Amino acid sequence: SVPADTVSLSDYERHFTARVDAATRAYIAGTGADGITRQANRDAYDRMRLMPRALRDLSQASAATALFGQAMPYPILIAPMAFHRLVHRDGERATAQAAGLTGTWMTVSTQSSVTLEEVAAAAGGPLWFQIYTQPRFEDTLTLVRRAEAAGYRALVLTVDAPVSGLRNIEQRAGFRLPDGIAPVNLAGLAPDNFTPARPGSPVFQGMLHAAATWDTVRRLCAETRLPVLLKGIMNPDDVDPAIAAGAAGIIVSNHGGRTLDTLPAVAEVLPLVAARAAGRLPILADGGIRRGTDILKALALGADAVLVGQPVLHALAVGGMAGVAHMLTILQTELEVAMALSGRARLADIDRSAIFEPPRF
Ligand code: FNR
């Protein structure tokens with residue numbers, strides 16, 4: 001049950017830390033290498049100061065928006081995360097129910113611990129499906145067809161993890177998947193039988209033969225009528241190739257600091273990516289969103305919506321479905337408070353002027 005003192009996302013994290021074993025925590029909170037990027041994500045939002053407008057008419061205030069022609073009550077989605085059953089027996093089913101109850105769209109991971117069909121059956125609202133490309137393109141397509149058949153509304157192709165990051169924190173903690181928890185969507189797909197032509201580096205010659213390229217994006221976009229978003233774009237120079245390949249949206253993300261360490265903070269590159277996109281396609285962002293003010297800042301920097309990752313697993317561990325629904329409601333309310341107190345009645349009113357530019361003395 002959720003302790004009565006749980007009033008913010010950091011409270012969920014605190015209770016999660018007290019309840020969940022160290023190895024599982026190392027997986028969920030673990031970063032790439034030294035965690036510099038993960039800290040940077042947070043520091044960037046914390047350093048930014050908001051600039052309010054006084055006495056504006058807030059009587060018609062609303063945080064509603066739309067993506068791909070579909071209305072959403074808040075610009076908040078659940079980020080794709082593997083293995084929700086690590087922290088709760090109902091896993092992604094419970095998360096999807098909570099998402100539906102609160103009007104939050106959920107992105108289900110390729111590595112979900114409940115099949116994508118079972119998540120869809122439990123869900124009460126729109127779902128997106130995150131794709132990790134498989135060694136054989138046919139197998140990637142199998143996942144796409146299953147997601148289409150189950151009613152998923154968009155595909156999220158993760159492009160920042162052709163190999164896993166250096167998960168030193170997980171390694172030190174000796175994390176391994178417990179019995180009974182597995183990437184069940186991949187059951188039955190062909191194993192990777194690739195043998196390198198010449199011996200050498202296990203990374204360059206063993207793993208990367210199957211890594212996605214712009215050509216993979218083109219093929220994927222040509223194969224599906226669902227919008228395809230690219231998750232893990234950090235460089236504005238990747239915006240035009242994304243559009244040329246047929247992408248319908250971009251998620252600015254450094255994978256919450258779990259892949260390449262010492263990447264910049266999302267807040268630092270988001271304005272550059274948004275400026276390059278110039279409204280041609282929606283820009284989303286994730287990494288370090290923990291408060292309504294963080295959402296307001298991300299929107300001010302050019303995001304159309306944000307995704308939230310780890311807090312979902314914290315709340316799932318502490319309170320199951322009810323915990324996730326409560327956590328999402330807290331975040332929605334915090335965004336409304338931030339909008340009201342900064343004098344921004346609508347998302348369209350949130351632009352760079354919401355961020356204080358300190359004078360240089
Ligand atoms: C992730 N993330 C992730 N991303 C993805 O594209 N596919 C995946 O399967 C996973 N799995 C995953 C597991 C866990 C435990 C975490 C914490 C994260 C990354 C995720 O989608 C998102 O980019 C970050 O989590 C966002 O940062 P915050 O909100 O967690 O700070």
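Everything numeric in this text was worked out from a predicted model, so none of it was measured. Numbers for residues simply follow the sequence, beginning at 1. Counting starts at 1 for both ligands and their atoms, following the listed order.
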Any cation-pi pair here, Arg219 with Phe137, using under 6.0 Å and within 45°?
yes

Looking at Tyr27, does the NZ or CZ of Arg258 lie under 6.0 angstrom from its six-membered ring centre and within 45 degrees of the ring axis?
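Satisfied, under 6.0 Å and within 45°.
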
May I have a table of the N/O to N/O pairs between ligand 1 and the protein that fall below 3.5 Å, each row giving the two atom names and the distance to 0.1 Å?
unit_1: ligand 1; atom_1: 2 (N); unit_2: Pro80; atom_2: O; d: 3.3
unit_1: ligand 1; atom_1: 4 (N); unit_2: Pro80; atom_2: O; d: 3.3
unit_1: ligand 1; atom_1: 4 (N); unit_2: Lys231; atom_2: NZ; d: 3.0
unit_1: ligand 1; atom_1: 4 (N); unit_2: His255; atom_2: NE2; d: 3.3
unit_1: ligand 1; atom_1: 6 (O); unit_2: Thr158; atom_2: OG1; d: 2.7
unit_1: ligand 1; atom_1: 6 (O); unit_2: Lys231; atom_2: NZ; d: 3.0
unit_1: ligand 1; atom_1: 7 (N); unit_2: Gln130; atom_2: OE1; d: 3.3
unit_1: ligand 1; atom_1: 7 (N); unit_2: Tyr132; atom_2: OH; d: 3.1
unit_1: ligand 1; atom_1: 9 (O); unit_2: Ser109; atom_2: OG; d: 2.7
unit_1: ligand 1; atom_1: 11 (N); unit_2: Ala82; atom_2: N; d: 3.2
unit_1: ligand 1; atom_1: 21 (O); unit_2: Pro80; atom_2: O; d: 2.7
unit_1: ligand 1; atom_1: 21 (O); unit_2: Lys231; atom_2: NZ; d: 3.1
unit_1: ligand 1; atom_1: 23 (O); unit_2: Lys231; atom_2: NZ; d: 3.1
unit_1: ligand 1; atom_1: 23 (O); unit_2: Asp286; atom_2: OD1; d: 3.2
unit_1: ligand 1; atom_1: 23 (O); unit_2: Asp286; atom_2: OD2; d: 2.8
unit_1: ligand 1; atom_1: 29 (O); unit_2: Arg290; atom_2: NH1; d: 3.3
unit_1: ligand 1; atom_1: 29 (O); unit_2: Gly309; atom_2: N; d: 2.9
unit_1: ligand 1; atom_1: 30 (O); unit_2: Gln310; atom_2: N; d: 2.9
unit_1: ligand 1; atom_1: 30 (O); unit_2: Gln310; atom_2: NE2; d: 3.1
unit_1: ligand 1; atom_1: 31 (O); unit_2: Gly288; atom_2: N; d: 2.8
unit_1: ligand 1; atom_1: 31 (O); unit_2: Arg290; atom_2: NH1; d: 3.2
unit_1: ligand 1; atom_1: 31 (O); unit_2: Arg290; atom_2: NH2; d: 2.8

Value rounded to 0.5 Å, distance of CG in Asp21 from CZ in Phe175
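So the gap between those two atoms works out to 8.5 Å.
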
Look only at the side chain of Arg19 and the backbone of Val318, and say whether a donor-acceptor pair between them is shorter than 3.5 Å.
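Yes, because the side chain of Arg19 sits within donor-acceptor range (under 3.5 Å) of the backbone of Val318.
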
Are the side chain of Glu92 and the backbone N or O of His84 linked by a donor-acceptor pair below 3.5 Å?
yes

Compare all side-chain heavy atoms of Met106 with those of Trp128 and state whether any distance is below 4.5 angstrom.
no

